[in-house]
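Here, residue 1 is the first one in the sequence, and each next residue gets the next number.
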Amino acid sequence: MSENDYCLIGPARPPKADGPPYAECVLCREPTEYPESYKGITLCPVCEWQEAQRTACSG
């Protein structure tokens, strides 16, 4: 077992968009930095930061 096996949140992130249209944040419906065509969960910078704080792994 490696030292990072306890953390369930992966570092993978959607690719940044070059311009509009942007995907909506799944929590607050604000525009994100990600392309509208991205299939998956997208968060705006504020919700992304809050989610990272909420799910941070403590060691």
Close side-chain approach of Glu30 and Val46, heavy atoms under 4.5 Å: no
Nearest-0.5 Å distance, SG of residue Cys47 to CZ of residue Arg54: 11.5 Å
CD1 on Ile41 to OG1 on Thr32, rounded to 0.5 Å: 12.5 Å
Which pair of heavy atoms, one from [X] and one from [Y], lies closest together, and at what distance?
X     : Y     : answer
Leu43 : Glu51 : CD1-CB, 4.1 Å
Glu48 : Tyr34 : OE1-OH, 2.7 Å
Pro35 : Ala23 : O-CB, 3.5 Å

